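Remarks on the structure that follows.
Owing to the predicted nature of the structure, the values given are computational and were not obtained by experimental measurement.
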Amino acid sequence: MPRRVKAVRQPDLVLISWSRNPLVPSSARRIVAARVIGSAAPCRQDLRPNALLSTALACLLDHDVGFKIVFRKMTSDISGYLLLQRN
């Protein structure tokens with residue numbers, strides 16, 4: 001009897017670029033762009049440009065959703081990016 005080969009499920013990835021208003025030092029971080037490879041359900045609606053980064057992260061990092069930050073980098077004092085992964 002032939003063996004069945006199962007495809008390995010690839011992780012879901014979300015890359016978010018963010019920035020804050022340089023004229024207001026305490027301004028909130030906002031999403032500039034987001035790229036999803038796989039699925040970001042149920043948080044897809046939070047990943048639109050100009051949305052609050054804190055809202056998107058609250059959804060993605062929720063225990064039921066299962067994303068984890070695997071890389072973060074500040075590109076300047078007012079901008080940066082994050083990579084999140086869900087297995």
Side-chain angles (χ1 to χ4, degrees):
M1 190 175 230
R3 291 175 125 180
R4 290 186 182 226
V5 178
K6 287 187 176 182
V8 176
R9 186 172 187 278
Q10 295 298 310
D12 296 319
L13 299 171
V14 177
L15 178 63
I16 302 172
S17 174
W18 61 267
S19 70
R20 67 175 82 223
N21 184 340
L23 303 176
V24 182
S26 62
S27 64
R29 295 179 294 174
R30 295 200 173 263
I31 296 173
V32 174
R35 172 77 172 153
V36 176
I37 300 172
S39 172
C43 306
R44 186 73 177 134
Q45 72 279 359
D46 296 323
L47 297 173
R48 65 190 186 289
N50 208 36
L52 288 172
L53 178 63
S54 59
T55 302
L57 287 178
C59 182
L60 291 165
L61 297 174
D62 182 274
H63 292 292
D64 293 335
V65 178
F67 277 93
K68 293 182 181 170
I69 297 172
V70 293
F71 188 79
R72 69 175 73 203
K73 173 90 172 156
M74 297 234 356
T75 53
S76 72
D77 290 340
I78 60 162
S79 64
Y81 57 92
L82 298 162
L83 177 63
L84 297 97
Q85 177 179 336
R86 171 171 60 190
N87 290 326

Contact check, side chains of V70 and L13, non-hydrogen atoms, under 4.5 Å = no

Hey, any chance L60 and V36 share a hydrophobic cluster, counting ILVMFWY side chains that come within less than 4.5 Å of each other, even indirectly?
-> yes

What distance do S79 atom OG and R20 atom CZ have between them, rounded to the nearest 0.5 Å?
-> 10.0 Å

Should V65 and L53 be counted in the same cluster of Ile, Leu, Val, Met, Phe, Trp and Tyr side chains packed under 4.5 Å apart?
-> yes

Atom pair CG/CE of L82 and M74 - distance to nearest 0.5 Å | 10.5 Å

Check: residues 23-35 side-chain donor-acceptor pairs under 3.5 Å, at least two apart:
residue: S27; atom: OG; partner: N21; partner atom: N; Å: 3.0
residue: S27; atom: OG; partner: N21; partner atom: O; Å: 3.3
residue: S27; atom: OG; partner: V24; partner atom: O; Å: 3.0
residue: R30; atom: NH1; partner: N50; partner atom: O; Å: 2.7

Which atom pair, heavy atoms only, marks the closest approach of L47 to A56?
-> CD2-CB, 3.9 Å

With side chains defined as the heavy atoms from C-beta onward, is the minimum distance between P11 and N87 less than 4.5 Å?
-> yes

Flag yes if F67 and I69 sit in one hydrophobic cluster, no otherwise; membership is Ile, Leu, Val, Met, Phe, Trp, Tyr, and two members link when side-chain heavy atoms are under 4.5 Å apart.
-> yes

Any idea which heavy atoms bring Y81 and W18 closest together, and the distance?
-> N-NE1, 3.6 Å

Tell me the salt bridge (charged side-chain N to carboxylate O under 4.0 Å, His left out) pairs involving residues 77-87, sequence neighbours left out?
-> D12-R86

Which atoms form the tightest heavy-atom contact between I16 and V14, and what is the distance?
-> CG1-CG1, 3.8 Å

List the steps and the verdict of side-chain contact (heavy atoms from CB on, under 4.5 Å) for L61 and L84.
-> CA-CA 9 Å; L61 297 174; L84 297 97; 3.8 Å; yes

